[in-house]
Structure formats: structure tokens, C-alpha cells
Protein chains: 2
Amino acid sequence: MSGAERDDRDARADKRRQRSAGAAETGPTMADLAAIAGVSAITVSRALRDSPLVNPETRARIREIANRHGYAFNISARNLRLRRSMTVAVVVEMTPSPERQMSGAYPLDLLGGITQELTSHGYSVLLTSLQAAATPAVQAADGVILLGQGAHEDAMHEVRSWGRPMVVWGAVSRHESQVVVGSDNRAGGAHVAERFIALGRRHPAFLGDSAHGEFAERHEGFAEALARAGIVSTMATVPAFTVAAGADATRALLHANPGIDAVFAASDLLAIGAVRALVELGRAVPDAVSVAGFDDTLLGATYVPALTSVHQDFVEAGVLLARKVRALIDGDVAQSEMLPTRLVVRAT
Amino acid sequence: MSGAERDDRDARADKRRQRSAGAAETGPTMADLAAIAGVSAITVSRALRDSPLVNPETRARIREIANRHGYAFNISARNLRLRRSMTVAVVVEMTPSPERQMSGAYPLDLLGGITQELTSHGYSVLLTSLQAAATPAVQAADGVILLGQGAHEDAMHEVRSWGRPMVVWGAVSRHESQVVVGSDNRAGGAHVAERFIALGRRHPAFLGDSAHGEFAERHEGFAEALARAGIVSTMATVPAFTVAAGADATRALLHANPGIDAVFAASDLLAIGAVRALVELGRAVPDAVSVAGFDDTLLGATYVPALTSVHQDFVEAGVLLARKVRALIDGDVAQSEMLPTRLVVRAT
DNA sequence: GTGAAAGCGCTAACAA
DNA sequence: TTGTTAGCGCTTTCAC
């Protein structure tokens with residue numbers, strides 16, 4: 001580095017220091033690196049982006065200088081210039097409510113898949129709750145992924161109104177006009193039905209709530225598969241998705257229908273409630289009554305008796321969600337998609 | 001709006017369309033609003049920020065115009081100008097490993113608290129895994145919150161090397177030089193010890209791993225409180241934090257020390273493993289052997305028998321973590337802090 | 001109470 | 001292969 005160049009750089013830095021007294025120390029800019037390397041700023045820009053336009057030697061030299069001077073890329077400047085944020089907002093329901101109790105770490109797996117896929121393609125993941133979603137940063141996101149359990153129609157409309165590419169996690173069949181990624185809830189329900197049939201069960205019941213899109217799909221798959229075998233199932237609606245609610249509903253169910261010999265619960269939490277109530281009522285599980293849950297949670301697998309449950313792959317789902325927003329952002333088309341489910345047979 | 005003004009705005013928009021053909025449609029800018037309102041851009045800027053410098057009527061008018069024209073704030077421009085990102089990166093271990101299995105939704109609660117506190121103060125939450133942490137956006141964050149279980153020394157050093165304000169979730173006593181927020185693990189351990197003592201237990205054991213900072217704290221609090229009562233505890237180290245590992249370690253423990261009459265496991269998962277092994281070995285829980293876990297997970301509370309466990313408030317912890325990075329970012333000081341824990345007595 | 005000027009750091013477009 | 005020019009949209013002086 002020549003003396004003149006150093007002077008140049010120092011002068012710049014001094015100027016900066018002067019202008020914004022007290023502001024955060026900022027490192028060198030591309031212009032600084034350019035001055036040091038004796039090239040123009042645009043060449044630095046190209047070199048750092050591995051543009052084929054720049055001479056390999058020049059690039060190597062610039063790279064080296066950047067490293068040596070601790071150069072930090074200014075992403076705001078790029079985003080301003082490029083008019084995109086390279087950011088995807090993920091809207092999650094994070095506040096657990098009694099009615100929508102978290103049945104495990106599943107959103108975390110979803111988030112893991114999303115983050116993995118997005119960050120490896122240059123995007124950042126902006127985490128928001130629906131309540132705090134209307135911030136400028138979120139509005140500026142290039143795309144939105146909407147997670148959250150339940151009948152989140154409102155959330156969907158709200159987010160859609162932002163006019164950004166959007167992908168939703170949930171019940172595929174319910175939202176034709178959206179790009180939705182979800183598990184094949186129908187097939188999951190059918191798997192359970194088939195198992196109940198194979199076990200010779202004749203009076204199965206479903207524990208859940210049709211207002212919840214994914215639960216409704218599970219019920220449909222279940223009821224249809226049973227119907228094909230000439231079996232009619234009973235529907236028991238729960239007011240909440242907790243163990244206690246599952247137990248209460250099961251007690252009521254058996255009071256009204258003492259002949260029930262199989263229960264398919266829309267979630268593992270409800271299933272555990274069902275097992276608990278059944279045992280209390282003196283019905284042996286699984287000898288007298290079979291039980292199956294949904295989600296294949298650690299909770300269910302660890303419970304005694306270990307719960308038979310329908311497994312879904314949340315990490316894969318997260319990756320898929322991320323891929324689809326990316327496609328949408330790039331102006332490509334994206335289709336809704338269902339991930340396969342499989343029944344994990346355990347003790348119930 | 002006068003014809004001339006409309007022309008102005010349209011001209012601008014046309015120009016924009018021309019320059020960046022195919023680029024994303026961009027809405028009006030402050031300059032556009034200014035032209036429409038017949039004021040200068042800086043007045044619009046001030047009005048939109050509720051600056052007291054601007055006449056209330058002018059402000060109202062500008063606000064209205066902004067709304068009517070669907071004005072969207074450009075956060076990249078502001079950040080570039082202000083030289084900060086108004087962003088906090090949250091580094092989470094999201095990929096569950098056999099050795100560090102997720103024992104519940106706790107990081108989600110932490111994330112919930114963090115997001116709530118941060119977004120309500122104008123910050124965005126940037127979600128990253130440690131693997132993908134070195135992206136420009138993360139590097140540009142105004143602050144970093146490091147989550148993640150276990151002995152994450154490496155992660156800490158890595159993140160600290162970025163030179164950003166940083167706050168860590170974990171074992172407070174282990175990292176004097178960092179700002180750490182954690183539960184009062186020692187007190188938690190002591191609570192369990194006191195209960196075991198009150199129950200008349202004389203041969204208690206700890207199930208965990210001292211290499212894990214938080215676990216070590218739990219053990220210390222436990223052992224010290226017991227020692228004060230003249231009781232010596234046994235330490236059983238587990239190779240992993242899973243139900244199976246907890247069960248194996250418990251079997252080995254009882255083989256070596258048949259007289260064990262109480263087990264304090266460093267996590268609920270391990271505790272469940274302990275209960276399982278004890279029952280298999282014909283030791284009644286809690287009649288012959290008392291068991292306590294840590295985290296007060298849904299998993300433990302739902303298990304049969306319902307697990308006695310030490311509760312920590314993760315949402316509150318998240319809020320605290322967020323508050324401390326904010327303080328650090330603002331150039332204030334922040335101290336490490338421990339959150340109280342409490343013992344939730346259930347069936348074991 | 002309002003405005004003019006200037007520039008944050010980067011990159012597309014168009015030369016050379 | 002490299003450089004010049006210009007400007008993304010915002011806000012901090014400093015002036016009126």
C-alpha cells in the first residue's frame with residue numbers, strides 16, 4: 001500500500017468519524033478497498049460477488065485486501081440498490097393459549113427446515129408473530145411463510161392483503177386459491193382406519209374438531225376409509241386441544257356410546273387424554289379399545305402405553321415451504337403440495 | 001391533487017418503470033408523497049415519524065396521502081442512512097441431535113418472549129442456526145442473542161468474534177465475562193434437595209452431565225443443599241439427554257448403588273427414563289424412590305406418574321434476553337441475571 | 001415550521 | 001477486463 005493510498009483511506013475514515021460523531025464505528029467500504037487495491041469500486045463489487053467479468057488475479061487480490069481489513073458487506077446498501085430485501089418473513093403463532101396448547105416442538109422443526117433452506121440460498125428469515133406483523137421490515141419482506149395451528153383463516157387474509165408472495169402451512173384441501181404445504185392428513189386418517197379395520201374394530205370414533213382444517217381432513221380420510229369397509233364412525237367434538245379436553249370428551253363419548261372400541265384422536269395430546277379416560281373407565285387399552293393419535297410427538301412415544309400415531313415430517317415440510325416461497329419470489333409458479341404421512345404402530 | 005402534480009408523480013413512476021424494466025413494482029416514495037402534498041420530502045419524513053417539528057395539520061394531511069397511496073416505508077434506505085439494521089440475530093440450535101434431543105418446545109417460548117419484546121421496540125428478529133450464521137444480514141445485526149442447550153462454548157466464542165453486542169441463554173455462573181440470562185439452576189437443585197430431605201430420603205443421586213453448564217449448576221445446588229443436611233449424593237453421568245439414556249444410567253446406578261432412594265434428573269426426559277427403569281427394576285415410584293426432573297415440560301406433567309419437576313419461565317426469560325441486548329445496543333450496561341425457579345410437586 | 005443540500009454504500013447501464 | 005456515471009430512498013446538518 002502506498003503512502004498516498006493510506007492517506008486517502010484515512011482521510012475518508014476521518015471524515016466519516018467527523019460526520020457522525022458518536023455513531024457506531026463503521027468498517028471500510030468498497031470504495032476504501034478500491035482505493036487500497038488501486039481499482040474502482042465497481043471492480044471490488046464484482047470481485048466480491050465472484051463475477052466472471054473480473055480477472056482472477058484482481059479478484060484474489062481484492063479478496064485478500066477485504067479480509068485483511070475486516071471488510072463487512074453493507075446489506076442495506078445492496079438492498080436499497082436492488083430493491084429487494086432478500087428476506088422472508090415467517091409468521092408464527094408463538095403465544096400458547098389454553099385452547100391451542102403447543103403439542104410439542106413441531107413449529108421448531110418447521111422453522112429449522114425453513115431456515116436451513118432459506119439461508120443456504122441467501123435469504124434471511126424474519127421471525128414475527130401475527131400480532132406484531134405489521135412492521136416495516138416485515139412489510140418489506142420479499143415473501144411470507146405463514147405457520148400456525150388451527151383455523152387461521154383470518155391470519156391468512158391479513159397476510160395476503162400485504163400483497164407479497166405467500167405460502168401457508170396447513171390443510172391443503174381447504175384453500176384452493178393459496179399455495180399450501182401440509183401433510184397428507186386424509187391419507188393419515190385412512191391409515192388409522194385401515195389399522196382399526198385390520199384389528200377387527202367395528203365401532204370407531206374420531207376425536208377432534210372439524211372447524212380446524214387439518215383435523216377435518218384427518219376425519220374425512222378416516223371416515224371415508226371406514227365407510228368403504230361398511231363401518232360407520234362416531235364424531236366427538238372437543239372444545240380445546242388439551243389432554244384434559246381429550247379426556248372429558250372421551251368420557252362423554254363412552255357414556256353416550258358404550259360400544260366404542262377404537263378412538264382416533266386428531267392430535268397426540270387428545271389421544272393421551274383419551275387413553276387416560278379409557279383407563280379410568282376400566283376399558284383396557286389396547287385390548288378393549290384401540291387408540292391412535294396424530295403428529296408422532298415425543299410426548300406420545302414416551303407415554304405409557306406408547307401411543308400409536310401418524311407421523312409427519314416437519315423438517316422436510318419446512319424445506320418445502322421455503323422452496324415454494326423462493327419460487328414465487330422468482331416469479332415462478334408453485335403448487336400446493338402434500339407430504340406423505342405414515343402410521344407408527346406402538347402399544348395402543 | 002392538481003394536474004401538474006399528478007403529471008409529476010406519473011413522470012417519476014414512468015421513469016422508474018423505464019429504468020428498471022422487469023424489476024419489482026415499487027410504490028410511492030417520500031418524494032412522491034411530498035410532490036402530491038406540495039411539501040418537501042424531509043417534511044414527509046418528519047410527519048411520518050411524528051416529529052414535533054411539523055405542523056399537526058400538515059402531518060395529518062401527509063398521513064392521509066400516504067395511506068391513500070399505499071405508501072410503504074423503505075427500511076433499507078433508512079438503515080443505510082442511519083447505519084444500523086434495527087435487527088437482532090437470534091442464533092438457535094435447531095437441528096436436534098441424538099445427544100441433544102429437544103426436550104420440548106422451550107426454545108419456542110424463548111423465541112416468543114424475544115420476539116414480543118423486540119418487535120414492540122422497533123427491532124426485527126433474524127432467525128439463524130449457528131451453521132448458517134455467517135451471512136451478511138446476520139453480521140449486520142445490531143445485536144445477537146445466542147440460544148441453544150448444552151456446552152456451547154464454541155458457539156459463544158464464534159459469535160463473540162463478530163464483535164456485536166451479545167447476550168447468551170444458559171448457565172450464568174459459568175461465564176463471568178458474558179451477559180448471560182439463565183434460570184437459577186442452583187436454587188432449582190436446592191429445592192429438589194430440600195424436598196428429598198423433607199421426604200426422609202438419605203441416598204439421593206443426580207442424573208446428568210457436569211460438562212453441560214446448566215446441568216452442573218443444578219447438580220451443585222443439589223449437592224450443596226444435601227451436604228448442609230449431612231447427606232452425600234451420588235453422581236451418575238449420562239452419555240446423552242434422552243429417555244433411553246436416562247433409563248440405562250439409572251439401571252447402572254442402581255446396580256452399583258442398590259440403596260438409592262431418590263433421583264434428581266437434570267431434565268424431564270432423563271427423569272422419565274429414570275422412572276421407567278425404576279419401575280422395571282421393581283422399585284415403586286414414589287414409594288420406594290422419589291424422582292424429580294427439570295424444565296416442567298408438558299411431557300413430564302402428562303406422564304404417568306406425573307413428574308415432579310423444577311419450573312422455569314421461558315417466555316419471561318426471552319423478554320429479559322431481549323431487554324439486555326437492547327440495553328447493550330444502546331450503549332448501556334447490562335448485567336447477567338438469573339430467573340427464579342420453583343418446584344412443581346406432582347406424583348413422583 | 002419548513003426546506004436545500006448532501007451522502008449513507010452499493011450496483012445496473014453504458015462506455016472504453 | 002475495467003471504469004464512469006448515476007441513483008436507489010431516506011435523514012442529518014444547516015439555513016431560512
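So you know, we letter chains A, B, ... as the sequences are listed, proteins then strands, and number each from 1. What's counted below: heavy atoms across the whole structure, side chains too, no hydrogens, waters or symmetry copies.
- Applying the 4.0 Å criterion to OP1 and OP2 of C:dG1, one finds that B:R59 has every side-chain N and O outside that range.
- The CG atom of B:L53 sits 14 Å away from the P atom of D:dT11 (whole-angstrom rounding).
- Distance, B:I62 CD1 to C:dG3 P: 8 Å, rounded to whole Å.
- In this structure, the CE atom of A:M30 is 16 Å from the C1' atom of D:dG7, given to the nearest Å.
- B:I42 places its CD1 atom 16 Å from the P atom of D:dG9, with the value rounded to the nearest Å.
- Separating the CG atom of B:L82 from the P atom of C:dC8 is a distance of 14 Å, rounded to the nearest angstrom.
- Residue A:S45 has its side chain nearest to C:dT11 when only D:dC10, C:dT11, C:dG9 are considered.
- Applying the 4.0 Å criterion to OP1 and OP2 of D:dT11, one finds that B:R78 has a side-chain N or O inside that range.
- Under the 4.5 Å side-chain criterion, counting only non-hydrogen atoms from C-beta, B:P56 is not in contact with B:R61.
- For B:V39, counting side-chain heavy atoms from C-beta on, the closest listed nucleotide (C:dG3, D:dT2, C:dA6) is C:dG3.
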Do any side-chain atoms of residues 123-130 of chain B form donor-acceptor pairs under 3.5 angstrom with protein atoms, and if so which ones, sequence neighbours left out?
from	atom 1	to	atom 2	distance (Å)
B:Y123	OH	B:R84	NH2	2.9
B:T128	OG1	B:V90	O	3.3
B:S129	OG	B:A132	N	3.4

Just the table, please: protein N/O against nucleotides 14-16 of chain D N/O, every pair under 3.5 Å.
none

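- With C:dA4, D:dT11, C:dG9 as the candidates, the nucleotide lying closest to the side chain of B:S40 is C:dA4.
- The A:T58 side chain lies nearest to D:dT2 when the options are C:dT11, D:dT2, D:dG9.
- Remark: side-chain polar atoms of B:R81 are not paired, donor with acceptor, to backbone N or O of B:A77 under 3.5 angstrom.
- Here the C1' atom of nucleotide D:dT5 and the CZ atom of A:R81 are 11 Å apart, to the nearest Å.
- Counting to the nearest Å, the P atom of C:dG9 and the CD atom of B:Q139 are 17 Å from each other.
- Listed by chain and number, the residues in a side-chain hydrogen bond (donor to acceptor under 3.5 Å, both in side chains) with A:D313 amount to none (sequence neighbours excluded).
- Taking atom CG on B:N74 and atom P on D:dT11, their separation rounds to 9 Å, with Å as the unit.
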